[in-house]
Amino acid sequence: MLKKIIPALSLLLCASPLYAAHPLVSDDTGTQGQGNWQLELNSEFFSDREREGGITQKESGGEVSAALSFGLSDRIDLVVGCPLAWYEVKEDGVVAADESGIGDLSVELKWRFFDDDRSGFSLALKPGLSLPTGDEHKGLGSGEISGGVLLIATKESGPLTLHANVGYTRNGYALQEDEEGLRRDIWSASFAGEYELSEKLRAVADIGMATNEEKGSAEHPAFLLGGLIYSASENLDLDCGFKAGLNDAETDSTFLVGMATRF
């Protein structure tokens, strides 16, 4: 059963941090400003297929998440979010697993500790915790508190904005089978760009890699993502994107759509 649940649990563990410019996986250094709020409603739908030992395994599912950000100061945000996830695994066309429910709650702080207006370069640090609100027996959570930190760099230059992220997560596992089959220490790195096509429309792209959660695998999942962000108004953004796996360790394809409103 572990091999059936690992892909879904891995997806949730990778998705647990909250990101500012959906559909990008990479985060930016931007904060809301003291006393300001932002609500994000994001969704993703994935499909993956692999063949091993003469058995074809197909997995599909998705996630809908809500994230609420509040500006504690001009440079510090508090971000809380929780996903609702579902997945189905089929082996040679026969359903082997079919689960849904709430995932693990994320609580994070983003601190923009360096900001140079002249060069457009800024740095931020984003520590966070993942709380065990998901059912680990269904592959919807880890069952224990996990923690991590993300270092973010952003460079603005006219219509082009670039982001670089390096992150570390220390996962905890309540189930013995997860403890035996999954790594605790996860490193990640990604690089993203945004380009203003017009006053209201931005094209975005992202590429990244992370440590494979499976202890038995030396191939680390890598992805490439492209998408659009449309500013319907000053305080409302709509977005969509497509993420493709660059190797067998990454989910084959993921479609993303979301919205962010500020108040």
Side-chain angles (χ1 to χ4, degrees), residues 14-15 17-34 36-42 44 65 67-79 81 108-128 149-167 188-210 222-244 246 254-263:
C14 287
L18 307 171
Y19 301 107
H22 196 267
L24 292 177
V25 173
S26 297
D27 204 346
D28 60 60
T29 60
T31 52
Q32 302 305 315
Q34 185 170 10
N36 294 328
W37 297 82
Q38 176 176 272
L39 174 64
E40 292 181 87
L41 298 175
N42 298 322
E44 53 185 73
S65 62
L68 186 63
S69 305
F70 176 69
L72 297 175
S73 71
D74 285 342
R75 290 177 174 265
I76 300 177
D77 280 357
L78 172 65
V79 190
E108 299 176 315
L109 280 175
K110 183 196 286 188
W111 171 39
R112 191 175 70 254
F113 62 88
F114 177 81
D115 197 346
D116 186 350
D117 292 334
R118 292 177 298 176
S119 66
F121 182 73
S122 54
L123 292 169
L125 203 61
K126 194 175 186 183
V149 63
L150 188 69
L151 176 63
I152 309 164
T154 292
K155 168 67 176 177
E156 299 180 17
S157 179
L160 179 65
T161 302
L162 301 175
H163 313 291
N165 290 187
V166 176
S188 64
S190 62
F191 182 77
E194 304 179 43
Y195 189 83
E196 291 186 8
L197 298 174
S198 68
E199 185 178 347
K200 290 182 173 292
L201 188 64
R202 284 176 285 162
V204 299
D206 206 343
I207 188 169
M209 177 178 285
F223 70 87
L224 179 65
L225 180 151
L228 294 170
I229 300 176
Y230 175 69
S231 298
S233 68
E234 182 180 357
N235 293 314
L236 177 63
D237 291 339
L238 307 174
D239 66 79
C240 64
F242 181 79
K243 185 173 73 168
L246 296 179
T254 305
F255 178 70
L256 306 99
V257 62
M259 62 163 286
T261 181
R262 293 168 288 277
F263 50 96

Heavy atoms only: give me the nearest G128-E108 pair and the separation to one decimal. CA-CG, 3.7 Å
Y195 OH: over 12 foreign heavy atoms closer than 6.0 Å: no
Tell me, do S188 and N165 make a side-chain contact under 4.5 Å, heavy atoms counted? no
Partners meeting ring-ring contact (aromatic ring centres under 6.0 Å, His included) with F70 (sequence neighbours left out): W37
Would a 4.5 Å heavy-atom cut-off, applied to side chains only, mark K243 and L256 as touching? yes
Among T154, T31, D77, which residue satisfies the side-chain hydrogen bond (donor to acceptor under 3.5 Å, both in side chains) criterion with R112? T31
Determine whether K200 and Y230 make a side-chain contact, defined as any pair of heavy atoms from C-beta on separated by less than 4.5 Å. yes
For L160, is there any backbone N or O sitting under 3.5 Å from a side-chain donor or acceptor partner on K155? no
Is the shortest heavy-atom distance from the side chain of V25 to the side chain of L225 under 4.5 Å? yes
Distance-only, no hydrogens or angles: does the D206 side chain make a donor-acceptor pair with backbone N or O of S26 under 3.5 Å? yes
Determine whether T29 and F114 make a side-chain contact, defined as any pair of heavy atoms from C-beta on separated by less than 4.5 Å. no
Does any part of the side chain of D27, heavy atoms only, come nearer than 4.5 Å to the side chain of K110, both counted from C-beta? yes
What is the minimum heavy-atom distance between L150 and G167, and which atoms define it? CD1-CA, 3.7 Å
How many angstroms lie between atom NE2 of H163 and atom CD1 of I152, to the nearest 0.5 angstrom? 9.5 Å
Distance col, row S233:OG vs R262:CZ, nearest 0.5 angstrom, shows 7.5 Å
Among D237, L201, L238, find the one that has a side chain to side chain contact (heavy atoms under 4.5 Å, CB included) with I229. D237
D28 and G30 have their tightest heavy-atom pair at OD1-N, 2.8 Å
Is the side chain of R202 donor-acceptor paired with the backbone N or O of S231 at a distance under 3.5 Å, no angle test? no
Report the distance from atom CG of N235 to atom CZ of F263, rounding to the nearest 0.5 Å. 10.0 Å
If you look at every heavy atom in A203 and L228, which pair is closest and at what distance? CA-CD2, 3.9 Å
Find the distance between OG (S65) and CD (E40) and round it off to the nearest 0.5 Å. 8.0 Å
Excluding sequence neighbours, so at least two apart, what forms salt bridge (charged side-chain N to carboxylate O under 4.0 Å, His left out) with D239? none
Can you give me the closest heavy-atom contact between A124 and F113, atom names plus distance? C-CE2, 3.7 Å
What distance separates D74 CG from Q32 CD, expressed to the nearest 0.5 Å? 11.5 Å
Scanning both residues in full, the closest heavy-atom pair of G193 with L162 reads CA-CD2, 4.0 Å
Considering only heavy atoms from C-beta outward, does the side chain of V149 approach that of L125 to under 4.5 Å? yes
